[in-house]
Amino acid sequence: MPLLLVDALDGQPVPHHPRPHETLTDRLARTDTGGLGPVAILLHGLNYRPGNARACPHRQLYSLRADAHEAWPRHLGFGTGHAAEGLALGFGWDARQSPRRAHA
């Protein structure tokens with residue numbers, strides 16, 4: 001899996017849509033990085049919120065779907081099936097609020 005989706009929840013990184021009782025450490029342990037390769041950390045700006053039907057960065061920006069218009073991982077070369085393509089980490093946080101609150 002060349003893509004790992006992570007959210008900030010109560011100030012801690014957690015897997016996006018975790019399995020029951022799964023920690024980020026558990027998810028990392030079962031993530032195939034494809035051997036040696038780049039690691040890209042994808043971080044969205046304002047107006048996105050993980051899990052929001054219209055503003056989820058994991059669906060809109062971090063998708064590996066070939067038909068996803070804004071698929072950052074695909075544009076960076078992830079999800080192609082190459083043996084050493086590395087890992088893209090899509091990080092989501094609640095930025096669907098005022099810039100002042102998001103900064104806080």
Side-chain angles (χ1 to χ4, degrees):
M1 169 180 16
L3 177 63
L4 177 62
L5 301 177
V6 178
D7 291 331
L9 182 64
D10 298 327
Q12 297 296 316
V14 297
H16 182 69
H17 294 307
R19 295 176 175 177
H21 309 292
E22 181 183 46
T23 66
L24 184 56
T25 302
D26 297 335
R27 178 74 57 95
L28 283 167
R30 65 180 184 84
T31 298
D32 179 11
T33 62
L36 297 177
V39 174
I41 298 175
L42 312 176
L43 181 62
H44 63 81
L46 292 176
N47 296 322
Y48 289 95
R49 178 183 294 149
N52 183 289
R54 291 182 294 190
C56 182
H58 301 296
R59 281 196 313 223
Q60 295 179 358
L61 304 176
Y62 307 151
S63 176
L64 284 175
R65 291 186 352 244
D67 64 337
H69 175 69
E70 297 178 355
W72 293 0
R74 280 245 184 244
H75 292 297
L76 292 170
F78 295 96
T80 61
H82 291 109
E85 73 183 22
L87 176 68
L89 190 147
F91 187 77
W93 58 286
D94 184 3
R96 200 158 173 84
Q97 52 194 326
S98 74
R100 181 171 289 177
R101 280 189 60 128
H103 181 266

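Remember, it's a predicted structure, so these values are computed and weren't measured experimentally.
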With a sphere of 6.0 Å drawn around CG of Leu43, does it hold more than 12 non-hydrogen atoms of other residues, nucleotides or ligands? yes

Any idea which heavy atoms bring [X] and [Y] closest together, and the distance?
X: His58; Y: Val6; value: CE1-O, 3.5 Å
X: Gln60; Y: Glu70; value: O-CB, 3.5 Å
X: Arg27; Y: Leu5; value: NH1-O, 4.2 Å
X: Cys56; Y: Pro50; value: SG-CA, 4.0 Å
X: Gly51; Y: His16; value: N-CE1, 4.1 Å
X: Gly90; Y: Leu3; value: N-CD1, 4.2 Å

Sub-3.5 Å donor-acceptor pair from the side chain of [X] to the main-chain atoms of [Y], do we have one?
X: Tyr62; Y: Leu42; result: yes
X: Gln12; Y: Ala8; result: no
X: Glu85; Y: Thr80; result: yes

Assess whether side chain to side chain contact (heavy atoms under 4.5 Å, CB included) is satisfied between Leu4 and Leu28, documenting all intermediate values. CA-CA 8 Å; Leu4 177 62; Leu28 283 167; 3.2 Å; yes

Is there a side-chain contact between Leu24 and Val14 in this structure, where contact means two heavy atoms from C-beta onward sitting under 4.5 Å apart? no

The ring-ring contact (aromatic ring centres under 6.0 Å, His included) partners of Phe78 (sequence neighbours excluded) come to none

So the side-chain hydrogen bond (donor to acceptor under 3.5 Å, both in side chains) pairs with at least one residue in residues 44-53 (sequence neighbours excluded) are Arg49-Asp94

Measuring from atom CH2 of Trp93 to atom CG of Leu46, what distance do you get when rounded to the nearest 0.5 angstrom? 5.5 Å

